[in-house]
Amino acid sequence: MKTKYDVKDFTAEVINRSFSIPVLVDFWAEWCAPCKMLGPILERLEENANGRWVLAKVDTEKLVDVALEYKISSIPNVKLFIDGNVVSEFIGALPEYQIVRWLEQSLPSKFRKEVEKAAELLSKNKVEEAQKLLDKIIQSEPQNQEARILLASAIVFNESERAVELVKDVSKAKFIEVAESIRTFAHLFNLRKNVNNLPESPTRVKYLNAIEDLISQRYESALDKFINIIRTDRYYDDDGSRKACIAIFKFLGEEHKTTLKYRRDFSSALY
């Protein structure tokens, strides 16, 4: 039976449209019994989505070329398109509560463009401007984990306690490592204020100097010092130098030039 969700022109109705709103595509066929179970659930969810996303249904028997292009070998197959690309999918007739959970994890924030702008501002070292924008986003959408990670990354060197609070319940896989780095940084910065919490040792001054470099975002100098400590007194502060190096690598990203430069020296110091 034809519905308002049926796709005729995939490029126009899915690819192009997904640049302005997420498009959930249900690949189905008339002979598929599970598809007929899933379809009404998706339609009901779309009706209650308040315009956050739209549904499109692709009959794989009619749009064979599209089904082939997206390698549809089992149906129902549901794919979420954003900016022309598939960002998430599932196969099979899942129960409604699982689909709702999947949507919550997969759909972008309505502030996606603002978050992207904030990230761009941070990349240009326009920290104050980025902070103001991120604060507004978080006030409107407290659960926005990407905005919270970005803001925490921007303020951790000056407001480490607030940064830790921002990342305390971060759960999305792509943000977990950065959140852990922020917690590690905050621990190190707290030690600088409470020196007596560190064991007395000739290493203590070297360790504090490395922390000072990290606070000043002199990452290469900090890594040099932490790696030297690994070689000479590895388990000082409960293996703190190793944890600090890993935190810096994860904070900067595995492809950052500083990470690439120091990864080998770090591994060599460990083994």
Side-chain angles (χ1 to χ4, degrees), residues 118-119 122-123 125-128 130-131 134-135 138 145-271:
L122 288 174
S123 72
N125 207 30
K126 297 180 178 179
V127 178
E128 187 175 344
Q131 282 183 229
L134 290 166
D135 274 325
I138 293 168
Q145 294 191 23
E146 186 171 7
R148 283 161 49 202
I149 281 285
L150 284 172
L151 182 56
S153 298
I155 70 172
V156 65
F157 302 99
N158 299 307
E159 302 177 63
S160 60
E161 291 183 6
R162 186 186 175 207
V164 169
E165 183 68 21
L166 283 165
V167 304
K168 69 178 182 180
D169 57 355
V170 165
S171 59
K172 288 191 175 182
K174 63 181 178 179
F175 303 135
I176 286 175
E177 288 184 339
V178 177
E180 186 57 36
S181 292
I182 288 166
R183 284 188 280 269
T184 299
F185 286 0
H187 165 73
L188 293 168
F189 301 163
N190 187 57
L191 287 174
R192 172 177 167 265
K193 299 175 185 176
N194 300 279
V195 177
N196 291 332
N197 290 337
L198 285 170
E200 283 196 30
S201 163
T203 301
R204 182 157 74 177
V205 172
K206 299 175 184 177
Y207 196 61
L208 288 170
N209 286 340
I211 293 172
E212 285 289 348
D213 282 339
L214 179 56
I215 290 171
S216 300
Q217 299 175 59
R218 297 191 294 267
Y219 299 115
E220 294 198 2
S221 182
L223 285 165
D224 276 327
K225 291 180 173 70
F226 283 129
I227 289 171
N228 185 56
I229 293 170
I230 292 171
R231 291 193 175 105
T232 59
D233 193 0
R234 160 136 185 209
Y235 294 103
Y236 186 77
D237 187 32
D238 190 25
D239 212 9
S241 291
R242 180 188 65 81
K243 295 173 183 175
C245 289
I246 292 173
I248 293 171
F249 295 149
K250 298 302 182 184
F251 185 81
L252 295 177
E254 291 296 337
E255 299 304 316
H256 191 279
K257 62 180 182 179
T258 300
T259 302
L260 296 172
K261 179 178 178 180
Y262 282 90
R263 264 292 187 185
R264 182 176 292 180
D265 285 347
F266 172 69
S267 297
S268 175
L270 290 176
Y271 305 110

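Positions are given from 1, in the same order as the sequence printed here.
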Looking only at atom types and distance, does a side-chain atom of [X] sit under 3.5 Å from a main-chain N or O of [Y], one as donor and one as acceptor?
| X | Y | value |
| --- | --- | --- |
| Arg148 | Leu166 | yes |
| Gln131 | Ala154 | no |
| Ser201 | Thr203 | yes |
| Lys243 | Asp238 | yes |
| Asp239 | Tyr235 | no |
| Arg234 | Gly240 | no |

Flag the pair [X] and [Y] as a salt bridge only when some basic side-chain nitrogen lies within less than 4.0 angstrom of an acidic carboxylate oxygen.
| X | Y | result |
| --- | --- | --- |
| Lys250 | Glu180 | no |
| Asp237 | Arg204 | no |
| Asp213 | Lys206 | no |
| Arg263 | Glu254 | yes |

Original post:
Which of these passes salt bridge (Lys or Arg N to Asp or Glu O under 4.0 Å) with Glu212: Arg192, Lys193, Lys225?
Top reply: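 Between Glu212 and the candidates, salt bridge (Lys or Arg N to Asp or Glu O under 4.0 Å) is satisfied uniquely by Arg192.
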
Does [X] reach the side chain of [Y], with side-chain heavy atoms less than 4.5 Å apart?
| X | Y | value |
| --- | --- | --- |
| Leu208 | Leu198 | yes |
| Ser181 | Ile248 | no |
| Ser241 | Ile227 | no |

Subject >> Smallest separation among heavy atoms of Ile182 and Ile149, with atom names >> reply: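 Answer, listing the atom of Ile182 first, then Ile149: CD1-O, 4.3 Å.
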
**OP:** Indicate the atoms forming the closest heavy-atom contact of Val178 with Ser153, along with that distance.
**Re:**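 Answer, listing the atom of Val178 first, then Ser153: CG1-OG, 3.8 Å.
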
**OP:** Quick one: sort the Phe185 and Phe251 rings into parallel, tilted or perpendicular, breaks at 30° and 60°.
**Re:**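 Geometry flag for Phe251 against Phe185: tilted rings.
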
**OP:** Quick one: sort the Phe249 and Phe266 rings into parallel, tilted or perpendicular, breaks at 30° and 60°.
**Re:**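 Rings of Phe249 and Phe266: perpendicular, over 60°.
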
How long is the straight-line distance from [atom2] of [Y] back to [atom1] of [X], given to the nearest 0.5 Å?
| X | Y | atom1 | atom2 | answer |
| --- | --- | --- | --- | --- |
| Ser171 | Asp169 | OG | CG | 7.0 Å |
| Glu159 | Glu165 | CD | CD | 12.5 Å |
| Glu146 | Lys172 | CD | NZ | 8.0 Å |
| Ser160 | Asn190 | OG | CG | 7.0 Å |
| Leu270 | Asp265 | CG | CG | 11.0 Å |
| Thr258 | Leu223 | OG1 | CG | 7.5 Å |

Subject >> ring-ring contact (aromatic ring centres under 6.0 Å, His included) contacts in which one or both residues fall within residues 203-223, not counting sequence neighbours >> reply: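 Checked against ring-ring contact (aromatic ring centres under 6.0 Å, His included) - neighbours excluded - the pairs reaching residues 203-223 are Tyr207-Phe226, Tyr207-Tyr236.
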
Subject >> More than 12 heavy atoms from other groups under 6.0 Å of CD on Glu220 >> reply: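 More than 12 heavy atoms, drawn from other residues, nucleotides or ligands, come within 6.0 Å of this atom.
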
Subject >> Neighbour count >12 (heavy atoms, 6.0 Å) for atom CD, Glu128 >> reply: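 Check fails, neighbour count at 12 or below.
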
**OP:** Determine whether the side chains of Asn228 and Asp224 contain a donor N or O and an acceptor N or O closer than 3.5 Å.
**Re:**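 No, no side-chain donor-acceptor contact under 3.5 Å.
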
Subject >> Those residues that, when tested against Asn125, pass side-chain hydrogen bond (donor to acceptor under 3.5 Å, both in side chains) (two or more places apart) >> reply: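 Applying side-chain hydrogen bond (donor to acceptor under 3.5 Å, both in side chains) to Asn125 gives none.
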
